[in-house]
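So the structure is just underneath, and the comments pick up after that.
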Amino acid sequence: VNVLTDASVNEARKVAKISTRTAIYWMNKAFLCLRGYQDGIVLSGVVYLDDKFIDVEASKKTKDRNGNLYKGSGNQWNVAIGVAGRSRVMLLQGKSKSSDKRLRRTWAGRISEGSVVVTDGDRAYHLVAEDCRAKEWRRVVFEYRHGEQCEELKPINLLASNVESWFRLHC
């Protein structure tokens, strides 16, 4: 339970009085049990979509011939995130920016026809909206200044922030 919430692997292992290796073993077993859990979830109504880039662990970052870290998305995990009401979907897309093809494949069959798709400024989501025969696609372009939050994108931004926090604790 600790590993699936906001406790780090280290905190969870201390509470359970087990080694780090055992804690990671049980975290992996928990995720194995959860595999496929999201497969049947179809988002409907007002559907918020976004993707979140999260740094890969330092030991797995790729470097060029001179030993410098590659800049950009090659050293980041790309997590697709969708929110509709109380339903949430988070899908690992790989280590690069989503192409139109990948975005369409990721969200195919996961958004019901007639939904309203709300996204940030990324134009690629118009294809997803077309594929699911969305009633409407809204791009909300908001310039963040002085810590302001975009109220319309709050559901997706809150989940994206929570996903990033969880990854930072466990990866």
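- When all heavy atoms of Ser44 and Ala84 are compared, the pair lying nearest together is O-CB, 3.4 Å.
- Between Val83 and Leu43 the shortest heavy-atom distance is N-CD1, 4.1 Å.
- A distance of 8.5 Å separates CZ of Arg88 from CD1 of Ile156, quoted to the nearest 0.5 Å.
- Criterion: ILVMFWY side-chain heavy atoms under 4.5 Å apart, direct or through other members. Under it, Val118 and Val89 are not part of a common hydrophobic cluster.
- Side-chain contact between Val46 and Tyr48 is present, with heavy atoms from C-beta onward closer than 4.5 Å.
- Here the NZ-CG distance, from Lys52 to Asn157, works out to 8.0 Å after rounding to the nearest 0.5 Å.
- The heavy-atom pair separating Asp50 from Tyr125 by the smallest distance is C-OH, 3.3 Å.
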Check your understanding: Yes or no on side chain to side chain contact (heavy atoms under 4.5 Å, CB included) for Val116 and Lys135, after CA distance, side-chain angles and deciding distance?
Key -> CA-CA 6 Å; Val116 175; Lys135 178 171 71 176; 3.9 Å; yes
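- How far CZ of Arg104 is from CG of Leu127: 4.5 Å, rounded to the nearest 0.5 Å.
- When all heavy atoms of Leu49 and Gly82 are compared, the pair lying nearest together is CD2-CA, 3.9 Å.
- At distances below 3.5 Å, at least one donor-acceptor pair connects side-chain atoms of Gln38 with backbone N or O atoms of Met90.
- To the nearest 0.5 angstrom, Ile81 atom CD1 is 9.5 Å from Leu91 atom CG.
- Between Ala23 and Arg13, the closest heavy-atom pair is CB-CB, 3.8 Å.
- In this structure, Leu103 is not a member of the same hydrophobic cluster as Val79, with clusters built from ILVMFWY side-chain heavy atoms closer than 4.5 Å.
- When every heavy atom of Cys132 is checked against every heavy atom of Val117, the shortest pair comes out as SG-CG2, 4.2 Å.
- In this structure, the side chain of Arg102 engages the main chain of Gln93 through a donor-acceptor pair within 3.5 Å.
- A distance of 13.0 Å separates CD1 of Ile111 from CD1 of Ile41, quoted to the nearest 0.5 Å.
- Under a hydrophobic-cluster definition in which Ile, Leu, Val, Met, Phe, Trp and Tyr are linked whenever side-chain heavy atoms come within less than 4.5 Å, directly or via other members, Leu92 and Ile24 are assigned to the same cluster.
- Note that the CZ atom of Arg110 and the CG atom of Asp131 stand 14.0 Å from one another [nearest 0.5 Å].
- Distance alone, capped at 3.5 Å, places no donor-acceptor pair between the Arg105 side chain and the Asp100 backbone.
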